[in-house]
Enquirer: 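Have a look at this one.
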Amino acid sequence: MTNLRENVRNIAIIAHVDHGKTTLVDELLKQSGIFRENEHVDERAMDSNDLEKERGITILAKNTAIDYKETRINILDTPGHADFGGEVERIMKMVDGVVLVVDAYEGTMPQTRFVLKKALEQNLKPVVVVNKIDKPSARPEEVLDEVYDLFIELDANEEQLDFPVVYASAINGTASLDASQQDENMQCLYETIIEYVPAPVDNRDEPLQFQVALLDYNDYVGRIGIGRVFRGTMEVGQQVSLIKIDGTVKNFRVTKIFGFFGLSRVEIEKAYPGDLIAVSGMEDINVGETVTPTDVQEALPVLRIDEPTLQMTFSVNNSPFAGKEGKFVTARKIQERLEAQLETDVSLRVEPIGPDAWTVSGRGELHLSILIENMRREGFELQVSKPQVIIREIDGVKCEPYERVQIDVPEEYTGAIIESLGTRKGEMLDMQNTGNGQTRLVFIVPARGLIGYSTEFMSMTRGYGIINHTFDEYRPALKGRLGGRRNGVLVSIDKGVASTYAILALEDRGTNFMEPGTEVYEGMIVGENSRENDLTVNITKVKAANNIRSATKEQTTTMKKPRILTLEEALEYINDDELVEVTPESIRLRKKTLDKAMREREQKKLKQAMQEEE
């Protein structure tokens, strides 16, 4: 008879972005009584990163633990976005069950599918929470049917299909097993987790096996490996062996072990099977490596992490404004920062391509833009190129990544969406009416066809559309160019300050990106042309100060509001011959070649080369 640790449960909470997962964890923490009555606890307490708090999304996987009726429940909060899938895959190895949170109105979404697929592959027991049940538009029965369909589609076994359902309103801190009414608290959710999620096996008498699933870094103790004790025990001071991914072995002494409770780490002396702990003392520990006793070295299977699908070039800023706004501007500083990111982000790849440029590969636009935004806030100054998909050779065939796209739009926009994704080689899989005049469309689209699409999508649907996409698979690469910007840009011919007079004169030519008084340089992009070609303009021109009265003197003109691009919009907007200059204070768009004459020569050569190819 196998012994179990009945007083421990390990669960991961998975959900699509904005389905209330982090709010649910907040309530589970509060209602477990781990905080003092007078202790201040922030909303979405698990979102510890500034960017997570601002955007309301989980970027980094994090763990916490609560005690309920003498049972320790270890909870892992996972990112809901596929771009951070590298975080999700490792988490599934550390837990015995998952709590799948689904919005009572929106139902299952692409990212729900992505994360759930990983959980079912690990044969984990699911508990389904239909959240936001208090919404007037909630439709729990239909959403539950969608969940069943998704489970069947993902080849769930009979045991997994027999999942319990809890109806909750995380924002109100209530839950119930009945969709029509709510209990006063979330007690039934705790009970369901303890009843349905298997307890870890208690094999403390066997030799130690501890596998690292997450990495952390601390200036005082160096690298910290976070993972699960799969068998045996681990003690402070113990001499152990670390079996590396390449099969080599390093010995070290365990200097500190931390357990998790609430929002804090607690130093402990000993860890048992099923415990989720953080261990320090290993210099170069990596994800997927196994810690064992020195005399019994048995490695656990290495964790598989999906490869990056998108890459960009990061380089030292060489614009005329280089070094004006940033604190860290040299190649050495940028290299150190990228290496520090590699310490904790296993889905990232960095390859130097010269003394001051690097190819940085990640899981998607959001993954890379979050890294750039963090660097910018830390005082770095750099320039980055347009994202490119990574083409892989599979069985001798060049293949490119494809994404599954789910779109919810008012009915009147469906025709325009189908046409626009058709031009980007999208293939429609499903179309259904979800009520209230809304339509849900599902497509498979080449990933490069989606670069820059969200801006076009938002203007096409007047901001009423919702688009979500997640990596699906690699397929044979398509020839030719997909998507991209249709219009050319307005490029400054001069260095100086953008004037109101010049901006007003250019309004007929296209959309302006500049506020009056903004400093510009030659080759900087100052707006979008209304036609397909690029146009060189003088945005610094000032009105001649003469005493001749103009015929239009008495007319007052009002200037249109400039279009200011965010970092993500800028990355999506640029073409192959353009760069985004990122500093702590500004995001500027520029041509790679700043000089007009040189740019024109390059364009001619490119046209000739393309004609010769044809």
Side-chain angles (χ1 to χ4, degrees), residues 312-325 329 354 356-357 381-388 452 455 481 484-544 559-560 562-565 569-583 585-613:
M312 291 164 79
T313 303
F314 284 34
S315 53
V316 171
N317 187 11
N318 61 5
S319 85
F321 293 170
K324 277 190 172 184
E325 296 170 358
V329 296
D356 55 6
E381 190 175 295
L382 67 157
Q383 55 192 23
V384 292
S385 70
K386 180 185 171 76
Q388 305 282 353
T455 317
R481 190 164 169 248
R485 193 180 71 217
R486 289 180 188 167
N487 293 27
V489 286
L490 303 176
V491 185
S492 173
I493 198 169
D494 229 338
K495 186 176 179 179
V497 175
S499 71
T500 309
Y501 176 69
I503 290 170
L504 285 168
L506 290 173
E507 281 189 343
D508 295 341
R509 295 295 177 97
T511 311
N512 167 43
F513 293 166
M514 296 288 121
E515 293 273 8
T518 308
E519 279 195 76
V520 296
Y521 52 80
E522 184 188 356
M524 186 168 149
I525 295 168
V526 295
E528 181 179 279
N529 192 2
S530 51
R531 301 189 179 180
E532 289 186 12
N533 61 309
D534 291 346
L535 188 66
T536 317
V537 297
N538 184 356
I539 200 167
T540 60
K541 189 178 177 185
V542 290
K543 191 172 183 181
M559 193 170 71
K560 290 176 189 164
R563 178 176 160 200
I564 308 296
L565 298 176
E569 286 167 348
L571 293 174
E572 284 191 343
Y573 185 81
I574 57 172
N575 272 340
D576 295 336
D577 65 334
E578 295 160 1
L579 296 169
V580 179
E581 180 186 346
V582 181
T583 76
E585 291 172 32
S586 316
I587 293 165
R588 300 185 187 97
L589 276 62
R590 54 162 285 188
K591 288 287 182 183
K592 279 183 183 173
T593 307
L594 299 176
D595 183 77
K596 184 192 174 190
M598 282 179 71
R599 258 200 323 275
E600 285 171 354
R601 280 202 294 274
E602 283 172 9
Q603 285 293 335
K604 273 184 188 170
K605 280 182 188 171
L606 194 67
K607 272 186 186 171
Q608 280 174 352
M610 284 168 77
Q611 282 166 359
E612 283 166 16
E613 269 182 34

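Just so you know, these numbers come straight off a predicted model, no measurement behind them. Residue numbers run from 1 in the order of the sequence given.
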Enquirer: Not counting sequence neighbours, which residues clear ring pair (Phe, Tyr, Trp, His ring centres under 6.0 Å) with Phe314? List them please.
Expert: none
Enquirer: For residues 492-506, which residue pairs qualify under salt bridge (Lys or Arg N to Asp or Glu O under 4.0 Å), counting only residues two or more places apart or in two chains?
Expert: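 Residue pairs with at least one partner in residues 492-506: there are none.
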Enquirer: Partners of Leu535 by side-chain contact (heavy atoms from CB on, under 4.5 Å), sequence neighbours excluded?
Expert: Leu490, Arg509, Asn529, Val537
Enquirer: What residues, two or more places apart in sequence or in another chain, satisfy side-chain contact (heavy atoms from CB on, under 4.5 Å) together with Asp356?
Expert: Val316, Ala331
Enquirer: Mark yes or no for whether Ser385, through its side chain, and Thr313, through its backbone, hold a donor-acceptor pair below 3.5 Å.
Expert: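 Here the side-chain-to-backbone pair exists.
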Enquirer: Is any side-chain heavy atom of Leu565 less than 4.5 Å from a side-chain heavy atom of Ile587?
Expert: no
Enquirer: Can you name the residues that form a side chain to side chain donor-acceptor pair (under 3.5 Å) with Thr540, not counting sequence neighbours?
Expert: Asn538
Enquirer: Within the distance-only criterion (no hydrogens, no angle test), does the side chain of Lys386 pair as donor or acceptor with the backbone N or O of Asn575 below 3.5 angstrom?
Expert: no
Enquirer: Scan residues 591-602 for pairs that pass side-chain hydrogen bond (donor to acceptor under 3.5 Å, both in side chains), counting only residues two or more places apart or in two chains.
Expert: Asp534-Lys591, Asp577-Lys591, Glu578-Lys591, Thr593-Glu602
Enquirer: Report the distance from atom CG of Leu579 to atom OG of Ser319, rounding to the nearest 0.5 Å.
Expert: 10.0 Å
Enquirer: Rounded to the nearest 0.5 Å, what's the gap from CD on Gln608 to NZ on Lys604? Could you check?
Expert: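 Separation between the atoms: 8.5 Å.
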Enquirer: Can you name the residues that form a side-chain contact (heavy atoms from CB on, under 4.5 Å) with Asp508, not counting sequence neighbours?
Expert: none
Enquirer: Tell me, do Val329 and Asn317 make a side-chain contact under 4.5 Å, heavy atoms counted?
Expert: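 Result no, sub-4.5 Å side-chain heavy-atom pair not found.
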Enquirer: Who are the side-chain contact (heavy atoms from CB on, under 4.5 Å) partners of Glu325, not counting sequence neighbours?
Expert: Glu381, Thr583, Glu585, Ser586, Arg588
Enquirer: Would you mind listing every salt bridge (Lys or Arg N to Asp or Glu O under 4.0 Å) that reaches into residues 513-522, with sequence neighbours excluded?
Expert: Lys324-Glu519
Enquirer: Would you list the pairs meeting ring pair (Phe, Tyr, Trp, His ring centres under 6.0 Å) in which at least one residue belongs to residues 489-517, sequence neighbours left out?
Expert: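 Applying ring pair (Phe, Tyr, Trp, His ring centres under 6.0 Å) to every pair that reaches into residues 489-517, excluding sequence neighbours, yields Phe513-Tyr573.
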Enquirer: According to side chain to side chain donor-acceptor pair (under 3.5 Å), who are the partners of Tyr521, at least two apart in sequence or on a separate chain?
Expert: Glu581
Enquirer: Can you find a heavy atom in the side chain of Pro562 that is under 4.5 Å from one in the side chain of Met514?
Expert: no
Enquirer: Asn512 versus Leu506: any side-chain heavy-atom pair under 4.5 Å?
Expert: no
Enquirer: Taking all non-hydrogen atoms of both residues into account, name the closest pair between Ala498 and Ile503 and its distance.
Expert: CB-CD1, 4.2 Å
Enquirer: Could you pull out all residues at least two apart from Glu572 that satisfy salt bridge (charged side-chain N to carboxylate O under 4.0 Å, His left out)?
Expert: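 Partners of Glu572 under the salt bridge (charged side-chain N to carboxylate O under 4.0 Å, His left out) test: none.
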Enquirer: Can you find a heavy atom in the side chain of Arg563 that is under 4.5 Å from one in the side chain of Glu569?
Expert: no
Enquirer: Taking all heavy atoms of Val580 and all of Ala570, pick out the closest pair and write down the distance.
Expert: CG2-O, 3.8 Å
Enquirer: Please report the interatomic distance CE(Met312) to CG(Leu571), rounded to the nearest 0.5 Å.
Expert: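 Met312 CE to Leu571 CG: 4.5 Å, rounded to 0.5 Å.
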